[in-house]
Structures are given as structure tokens and as C-alpha cells.
Amino acid sequence: MRSAIFVEPGKPLAIEDVQMPRPAAGQAVIRVCRCGICASDLSMTSGSPFDMPCGTAPGHEYAGEVVETGEDVSLKVGDRVTAIPIGSCGTCPACRADAPLQCQTFRSMAGGYSEYTLVDARAAFHLPEALSFEDGALVEPLASSHRGVAKLDLGPESRVAVFGAGAIGAGAIFWLKQRGAGKVVAIARSRRGAGLVDTMGADALLTTGEDLAGEIAEALGGAPDIVVDGAGAPGILQQAIECIGWNGTILSLGGCMKPDPILPLLGMVKEATIRFSVAYGASDFRTTLDTLDAGHLEPRAMVGDTIGLAELPERFEAMRTGSHAAKVMVDPQLP
Ligand SMILES: [Zn+2]
Ligand SMILES: [Zn+2]
């Protein structure tokens, strides 16, 4: 089968002919029908300490059709599924707390940039009839924003500022509105994501300017009590502290991979809280699927181009430098 392999930092992905995966007990093989490209795929193949192993295929936002099952698996050949791309034991305290990323036996189940990949059957979810494989590939990024937003106290009085109009920011806005946040403004470097954040329910998109804190407060009718970092660029946490109101909560979802100085005194004066959130558990996948299945299909607006494996290496490298507001989908079955 064909697979896009991370060779080493600084080299483009290589399309290689590799062995078909074989399912161990508790696993299944899926034919990958869609796999979203995630900013973390770029950062985890960039020569950072968080790189994935060389010689493996990235891709963790996938959906597909079961083609083979191992022992002790209730999935059937032909089932349409998406899956949490994390292998875990299922029984330790972290797993019981629905935090599989914290499991002692955590292993990545990336590999979606391939015609076929392995999933942990316990971490797989059937796609409802009304949902496409493309919807299925959106579940992972949406589940990730869901987990973060679910940590917030929200109500009709909430004033929320979201930095970033890409997949994480847009996903956060979707969940903030689903969960009843009153007013939400998005902040981005350009107006390109304006249509997307509008579809997701944002009240306005502001571009970063001179008096950002003032503009945010004006748009929200007061300083925000919640600020979400959905961009992960250096400087945003400090901007969040500058614009947030007294006793506010900053939710960090962006995963900035560089040191990012803040002025703690300003956060102290505002008695602000900074919360971090990572990944997802089964409850986040389940809620995301149920929400999409109930007809809340706004996240479809996140999808941009769909490309085959042949196009992927060049596109992947271009995304390292260019900006990429929309989510690019890989269809490994394209010729
Ligand atoms: Zn991702
Ligand atoms: Zn565990």
C-alpha cells in the first residue's frame, strides 16, 4: 500500500510502498477515506523535541472503512468509523478519567497519510448514516476544542475573545456558541477567516491592531471574562492577559512550541486564571459525533481542498511557510 512517510526533518514526506498493517488483538485495519492535515503534523516533523519517529506516517485526523479485524473486536468489515488516534490500556486511572493521552501505555495511532491504517477498536466510533468520511475526519480536531471549551463556565452573560480563525479557533467558537456563550469575537491577523468564524457563530472578527484590548472590549460590551488562544503563536498569552477582565479565564489551546514570555504582574492584578487543555477522550468524540449528527454541520465550512497522496508532500512543505486557514483533507484512495 502507499503511505506518506516522514523521512527526517528538512526532507519532504516520501510516498513509499509499505507493508499492509495487520491487526493485533483489539485492533482493526481501516481503508483511510479522509485524513485532515493538522498544524501539529507540521510541527511534529520539524526537528523539534516533539517530533514523531522518522520512518512513520503522520496523520491522526482520519475516518475510513473497516477492512480487517483482529481478535476480540466487535467492529465488522465494512463499518464506517473514525477513531481516537491514541492507543491506551483502558483500565488505568488516566484511562478511567477519560484522558487516554495521559495513559502510561500511551502510543500514537497516527498513520492516516496512508491507504490503510490501524485503529484501536475500543477507540473507534461508528459514523452515523448522515455523516460523511469528511465529517468523520473533522471529529478529532473538533473533539480537541470541545475538551477545552468544556472546562469553561459559560452562560448568556459570557463575553469571549478567541485568538485565531483557523481550525482550533473556529472549533472553539463552534463549541462556545453550542454551549451558550453570549458574545464571541474572533481575533486574527487578516480578515481571511471572516466567513468561517461568522459561520461558526462569532459576532465579529477583529484584526490585530494598535488598541486591541479597547477594540475587543468595545465589540463585546466590556472586557472579556474568557479569552481562548486558538492560534498558539508567541505573544498571544500576553495579549490575552492585557485584554481580559478581572477574574477572567484564559484557555490555552494553541500549543505554542516556543518560549512565550508573559508579564505575571498584569495577570496577578487581574487575578486571571490560565488553563491548558490537550487532546480528548471518548466523551469528546461522542459529543462531537452526536452534535454533528443532530444537524449542527457548521464545521463543514472548515474544509478546504481535498488532495491525494501524490500531491501531499509538496503541499505539506508549502504549508510550513504559507498560511492555511482552511483544513486540507487527504483522500489516500485518489489515484
Ligand atoms: Zn490534530
Ligand atoms: Zn491507561
Side-chain angles (χ1 to χ4, degrees), residues 24-28 36 38-40 43-44 49-50 52 60-63 70 72-75 81-112 118-128 136-155 158 160 167-168 171-172 174-176 178-181 226-230 232 237 248-257 272-294 299:
Q27 294 181 329
C38 178
S40 75
S43 57
M44 294 196 321
F50 303 105
M52 51 184 295
H60 57 269
E61 302 179 356
Y62 47 69
D72 303 325
V73 170
S74 58
L75 293 172
V81 297
T82 182
I84 296 179
I86 293 173
S88 62
C89 76
T91 55
C92 74
C95 284
R96 278 183 281 132
D98 204 22
L101 190 70
Q102 316 299 334
C103 176
Q104 293 292 319
T105 69
F106 158 84
R107 60 197 185 287
S108 164
M109 299 295 282
L118 281 176
V119 299
D120 232 350
R122 203 163 28 77
F125 296 79
H126 287 106
L127 288 180
L138 285 176
V139 172
E140 192 268 3
L142 287 170
S144 189
S145 343
H146 178 267
R147 187 179 188 86
V149 171
K151 296 179 195 294
L152 300 170
D153 258 334
L154 292 166
S158 302
V160 191
I168 302 174
F174 173 68
W175 291 119
L176 285 161
Q178 288 290 322
R179 297 179 71 92
I226 292 164
V227 179
V228 179
D229 169 17
L237 278 186
T249 299
I250 297 165
L251 174 66
S252 175
L253 290 179
C256 180
M257 287 178 62
T273 300
I274 303 181
R275 289 217 62 163
F276 293 85
S277 180
V278 69
Y280 26 68
S283 59
D284 302 296
F285 262 63
R286 175 55 46 220
T287 303
T288 302
L289 279 162
D290 289 348
T291 304
L292 295 173
D293 194 32

Close side-chain approach of [X] to [Y], heavy-atom, < 4.5 Å:
X: Arg179; Y: Leu152; value: no
X: Leu127; Y: Val81; value: no
X: Cys38; Y: Met44; value: no
X: Phe125; Y: Val139; value: no
X: Pro141; Y: Glu61; value: yes

Full working for side-chain contact (heavy atoms from CB on, under 4.5 Å) between Tyr62 and Val119: CA-CA 10 Å; Tyr62 47 69; Val119 299; 3.7 Å; yes
Salt bridge (charged side-chain N to carboxylate O under 4.0 Å, His left out) between Arg122 and Asp72, worked out: CA-CA 10 Å; Arg122 203 163 28 77; Asp72 303 325; over 6 Å; no
Working for side-chain contact (heavy atoms from CB on, under 4.5 Å), residues Arg96 and Thr91: CA-CA 6 Å; Arg96 278 183 281 132; Thr91 55; 5.5 Å; no
Looking at [X] and [Y], what are the two nearest heavy atoms and their distance?
X: Arg107; Y: Ser88; answer: NH1-N, 3.7 Å
X: Ala28; Y: Leu75; answer: CB-CD1, 4.0 Å
X: Phe174; Y: Pro299; answer: CE1-CD, 3.7 Å
X: Asp284; Y: Asp98; answer: N-OD2, 4.5 Å
X: Lys151; Y: Ser277; answer: CE-OG, 3.2 Å
X: Gly36; Y: Ala137; answer: N-CB, 4.2 Å

Distance in Å, [X] [atom1] paired with [Y] [atom2], rounded so as to fall on 0.5 Å steps:
X: Leu142; Y: Leu289; atom1: CG; atom2: CG; result: 9.5 Å
X: Tyr280; Y: Ser145; atom1: OH; atom2: OG; result: 11.0 Å
X: Leu237; Y: Cys256; atom1: CG; atom2: SG; result: 7.5 Å
X: Thr249; Y: Asp153; atom1: OG1; atom2: CG; result: 7.5 Å
X: Ile168; Y: Leu253; atom1: CD1; atom2: CG; result: 6.5 Å
X: Trp175; Y: His146; atom1: CH2; atom2: NE2; result: 5.0 Å

Without swapping roles, check the side chain of [X] against the backbone of [Y] for a donor-acceptor pair under 3.5 Å.
X: Thr105; Y: Cys89; answer: yes
X: Thr82; Y: Gly136; answer: yes
X: Gln27; Y: Ala24; answer: yes
X: Ser158; Y: Val160; answer: no
X: Asp229; Y: Leu251; answer: no
X: Ser144; Y: Glu140; answer: no

Run the side-chain contact (heavy atoms from CB on, under 4.5 Å) test on Ser252 and Arg275 for me, step by step, so that the C-alpha distance in whole Å, both residues' side-chain angles and the decisive distance to 0.1 Å come before the verdict. CA-CA 6 Å; Ser252 175; Arg275 289 217 62 163; over 6 Å; no
For Thr273 and Ile250, what are the C-alpha separation, side-chain angles and deciding distance, and is it a side-chain contact (heavy atoms from CB on, under 4.5 Å)? CA-CA 6 Å; Thr273 300; Ile250 297 165; over 6 Å; no
